Each structure stands twice: as C-alpha cells, then as structure tokens.
Amino acid sequence: MTDVDRAAAPYSGPTFFGQPRPLATLFGVELWERFSFYGMQGILLLYLIYSAAEGGLGIDETTATGIIGAYGGLVYLSTVGAAWIADRVLGAERTLFFSAVLVMAGHIALAVLPGLAGVGVGLVLVALGSGGIKATATSLVGTLYAEGDERRDAGFSLFYLGINLGALLGPLLTGLLQTTLGFHYGFGLAALGMALGLAQYTVGRRRLPRSAAEVPAPLRARDRLVAAGVALAGVVVVVVLALTGVLRADRLNAIVVGVTVVAAVGYFVLILASRRITRIERRRVLAFIPLWIASAVFWSLYQQQFTVVTLYADSRLDRSLFGWEMPVSWVQSINPVFIIVLSGAFAALWTKLGPRQPSTPVKFALGTAIMGVAFLLFLPMAGGGPGSAPLLGLTGILLVFTIAELLLSPVGLSLSTKLAPAAFRTQMVALFFLSVALGSALSGTLAGYYSPASEVPYFGVLGGAAIVVGAVVALLTPVLRRLMEGVR
C-alpha cells in the first residue's frame, strides 16, 4: 500500500461507536493514563503545602504552585522529544508503549520514595512518559481517518471522553485514600491505574493500522550515535545545573517558560523553512500561529484548576455535604463530570452540522473568550472568608470552564493533525502541546500573584485579557480561513 493509499483509507473494518475500532485501544490507554495523572495531580499540591504533621512536605504556597506549573509545562514540553523519537527512531506506536512504562515507574517512585527525592524522581518520570503518550496517542488517532473525513472531530471528542473518564475517577479515589490512609497510598493507586492501562494497550496494540508502527523519517545509523550523544550531554547539563543550585525549585517555572518559548519559535522556523513542505502546507502552518497563541492564553487560565482552584477549594470553599466534608481533591472531578455529560453532545452537534459547523478559528475565539468569562464569574464571591464560597458557585464556574475546553481543546488536537505537513505529522501535534506547555507553566507563575485579598484584580484582569484575545482571533478569522486552504 502506498502513502497515498494510506492517506485515503487509513482504516477499514469494525467500528467503535461509529468510529474506527482501534480508537477503543487508544481510548483505553488514555483513560488509565489520565486516571493516574489526574489522580496524582489532585493530591500533589496538597502534598507539597501540607505540614509534616498532615503528611505533607510543608513547602510555601508560591514555591509549590511554581513547582506544579513547571511540572505541568514539562509534561507538554516533553512531547517535543517524544515526537522526534516517534518520527525518527521508534515510530509512534512503540514510543507510546515505552512512555506508558515511564509513567508507571514515576508513580511508583512517588509512592515509595520519601520526601523531595520521591517528588523529583517521580515527577520527572511521569512528565517524560505523559508527554510521550500525549504526542503519540493523538497522532495515532489522526491516522485512523482519511483527509476530509467528517467523523474526525467527533472521533477526537470521543477520545477526549476517555481522557475525562479517567480524570473523573482518579481524583475521587486517590483523594479518598489520601484522606484515610495517607498521600503515598494515593500515589500508589495512581501507579496501579497506569499498570492497568499498559496491560490493556499491550493486548490491543496489534489492531492499530500498520502505519502506526512506521518511522516517517528514520535516522541513519551514524546519526543515531550523534543523537544519543546529544541526549547524554543534555542529561549531564541538567544534573550539573541541579547540583550547582541553578535549577532551584523557585526558578523552575521561569526556566520552563523560557525553554518552551525558545522551542516553539524554533519549531515554527524549522517547519516553515523546510524544503519538504509545499506552499499550501506552509500557509496552513502560518494560520496555526495565532491559534497557537490563543491556545497558550486559554491554558494559562484553565490549568489554574491545579493551582489557584485547589488553593481556593482548600481555604475559601464550603465543602460540607450533609455534615460530611468533601476532600479537596474531589473538586478536580467536577470538570470531568461535565465533560463526560457534554462531550457526547458536542460530538453529536459537530457531526450533525457537518460542513455547516463553525470554523476552527471561531471555535478557538469562543473557547478563549468563554474561559475569560469563567474567571470573571469568581468576582461575585470575592472578599469572603474561609468557607464562604458556595460549592454550587464553584461548580457553575467549572461548567463554564468545561464549555470553553470543549470548544478549544479537542478541536485543537484535531486541527494539529489537519494542518500538519506530511513530513512533520507527529511533530505538529507536539507543537500544539507546546502551547499547552507554555500555558501550564504560566499558570504556575500567575498563581503566585493570587491571594484571597487580591481576588478582584486577579480574576478581573486575567478574565478581561482572555476575552480580548478571543475577540482578536474572531476578527482574524477571515484571514486565517484563507490561509488554511480549505481546512475548516
């Protein structure tokens, strides 16, 4: 089968809810990876800031939120390396498998290693592994659809449902274990979840299309030695910087932001300057730039669920339910509930509208602006004391978070495969994730300015800025649609 044939018919056979059946395998591995990821994430900030008497490490809030932001950024930044490995060395399918192994090892480290040693080793392994799964799983979903297949957005929405099933269950169960047995039991459950995902993927990986195992641009043998040397040198540099105190916890966030910006600019230049892309492909990449910026702005607010919203839930939220106090981490499961409920509706809506659905730039504009509105909705509850914010109020705000997310995030994943030049298929997905990396790292930086006393300017300024960015993207929509050359 030629490359043209694969593009026209990448999969034919039994279906999964009207989608190619191999989507079920990718759906499953993402479900369990998200279970472990969000289960750990739901209790991680609490582990960092709670006192030793409460089972935590007693780190100050500003440093702790910076660590969370840097870790979140590193997860998405690592998609760049994983995408390169998938495109040049292992192929997407094998890269996903080994990445899942790294995630499981990271959660085991958090569960069994005490103190900052467990945090350092565990978060690095989870970040590297999660980045690999994100880049490759999304790319593999894209291989299941022919160009122009109207099921693509609906398929990505269904894939996103699997992600959020895991995101729902993870914080509920790890949070319950954390409050009853301790933090390390919660981290251990996250490791078990990833082990289940790895087992499921091992059984189902053979059903993926043959193209999933291909290496699009394999390295020559002598170039592999050079690449291995560069990777080893990079590890040595990181170790030296850590030992000399340059990579201090309070600097990590700024470092991740800087590295992400440099990597994104470098990637755009590399792709646009490549002789392996056509004129149409180059115009499509140019159209991706303002959407990439809007995505970074969106995620800088959205990812504050794991920083500001967690602090808010711990100190400002009334978590009493019929005389029982809900664990803080359970707040992280509210958003996935709404996604599970609404993602099917969004998928059905896009399928029903078909070519009449809003264009991708319009969806990006709406998603970014609505995320700004969500921040403005914190203002009516501003200024209260501990336990003064009603759970119903925060639940409503997280519903608006969800609507914004469903307009932008799954559509962004789909767009990265639609606009990708043939020679940069997986790496274009990684480029989209770099916008999430930048937003995630910025969310940690921004969280350092939050305090109960500054809620009005904090939520007001950030919410207003996101609305302005959404309006700019809306105004640019006619230009972007021309550059996208027929891609909606």
Side-chain angles (χ1 to χ4, degrees), residues 31-61 63-65 67-68 71-72 75 100-127 129-130 164-200 305-307 309-315 317-337 386-387 391:
L31 186 156
W32 286 110
E33 191 271 337
R34 293 292 88 184
F35 172 94
S36 66
F37 181 89
Y38 283 104
M40 179 270 287
Q41 191 100 324
I43 61 176
L44 179 60
L45 180 60
L46 304 177
Y47 180 57
L48 296 177
I49 65 174
Y50 277 16
S51 67
E54 298 170 297
L57 301 182
I59 298 174
D60 69 270
E61 289 185 359
T63 301
T65 55
I67 291 173
I68 297 295
Y71 159 70
V75 168
V101 173
L102 280 180
V103 171
M104 183 176 66
H107 289 303
I108 291 173
L110 279 164
V112 302
L113 296 179
L116 287 174
V119 171
V121 174
L123 293 188
V124 168
L125 290 176
V126 173
S130 291
N164 286 283
L165 281 172
L168 164 65
L169 296 174
L172 290 177
L173 297 180
T174 59
L176 189 60
L177 282 183
Q178 175 258 314
T179 56
T180 56
L181 298 175
F183 284 102
H184 291 284
Y185 286 92
F187 296 140
L189 182 62
L192 176 61
M194 191 65 252
L196 292 173
L198 185 60
Q200 180 272 154
Q305 284 190 83
F306 306 113
T307 53
V309 173
T310 298
L311 296 174
Y312 192 89
D314 190 41
S315 62
L317 187 65
D318 180 4
R319 293 181 280 113
S320 297
L321 294 173
F322 308 107
W324 172 74
E325 187 171 75
M326 181 181 78
V328 176
S329 65
W330 282 27
V331 171
Q332 303 299 334
S333 291
I334 295 174
N335 169 252
V337 169
L391 179 59

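Any value given below was found using the heavy atoms of this structure, including those in side chains, with hydrogens, waters and symmetry copies removed. Note that the structure is predicted; figures quoted are calculated from it, not measured.
For the pair L123 and M40, the minimum side-chain heavy-atom distance is below 4.5 Å. Counting heavy atoms from C-beta on, the side chains of I43 and Y50 never come closer than 4.5 Å. Residues W330 and R319 fail the side-chain proximity criterion, which asks for heavy atoms closer than 4.5 Å. By the 4.5 Å heavy-atom criterion applied to side chains, I68 and T310 are not counted as neighbours. Side chains of L391 and L321 form a contact here, defined as non-hydrogen atoms less than 4.5 Å apart. Between M326 and V331 there is a side-chain heavy-atom pair separated by less than 4.5 Å. Between V103 and L198 there is no side-chain heavy-atom pair separated by less than 4.5 Å. Counting heavy atoms from C-beta outward, Y71 and V126 have side chains that approach closer than 4.5 Å.
Tested against L113 for a side-chain contact (heavy atoms from CB on, under 4.5 Å), the candidates V121, I108, V119 yield a single pass: V121.
Taking every heavy atom of both residues into account, A64 and I59 meet most closely at N-CG2, 4.0 Å. Here the shortest heavy-atom pairing between A190 and S36 reads O-CB, 3.0 Å. In this structure, G175 and S329 approach most closely via the heavy-atom pair CA-OG, 3.0 Å. S333 and P171 make their closest contact through OG-CB, 3.5 Å (heavy atoms, listed as atom of the first residue, atom of the second, distance). Annotation for D318 and G387: closest pair CB-O, 3.3 Å, computed over non-hydrogen atoms.
Put simply, CG on L168 and CD on Q332 are 12.0 Å apart, with the number rounded to the nearest 0.5 Å. A distance of 11.0 Å separates CZ of F35 from CE of M194, quoted to the nearest 0.5 Å. Summarising the geometry, atom CD belonging to E61 is positioned 11.0 Å from atom OG1 belonging to T307; distances are rounded to the nearest 0.5 Å. Rounded to the nearest 0.5 Å, atoms CG (L317) and CD (E325) are 9.5 Å apart. The CG atom of L57 sits 12.5 Å away from the OG1 atom of T63 when rounded to the nearest 0.5 Å. Atoms OG1 and CZ, from T174 and F187 in turn, are 8.5 Å apart once rounded to the nearest 0.5 Å.
Classified by interplanar angle (parallel below 30°, tilted 30° to 60°, perpendicular above 60°), the ring pair Y47/F183 is tilted.
Put simply, the side chain of S130 never gets that close to the backbone of A127: no donor and acceptor are under 3.5 Å apart. Between the H107 side chain and the G122 main chain, no donor and acceptor come within less than 3.5 Å of each other.
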Q) Taking it one step at a time, do T65 and L311 satisfy side-chain contact (heavy atoms from CB on, under 4.5 Å)? A) CA-CA 9 Å; T65 55; L311 296 174; 3.9 Å; yes
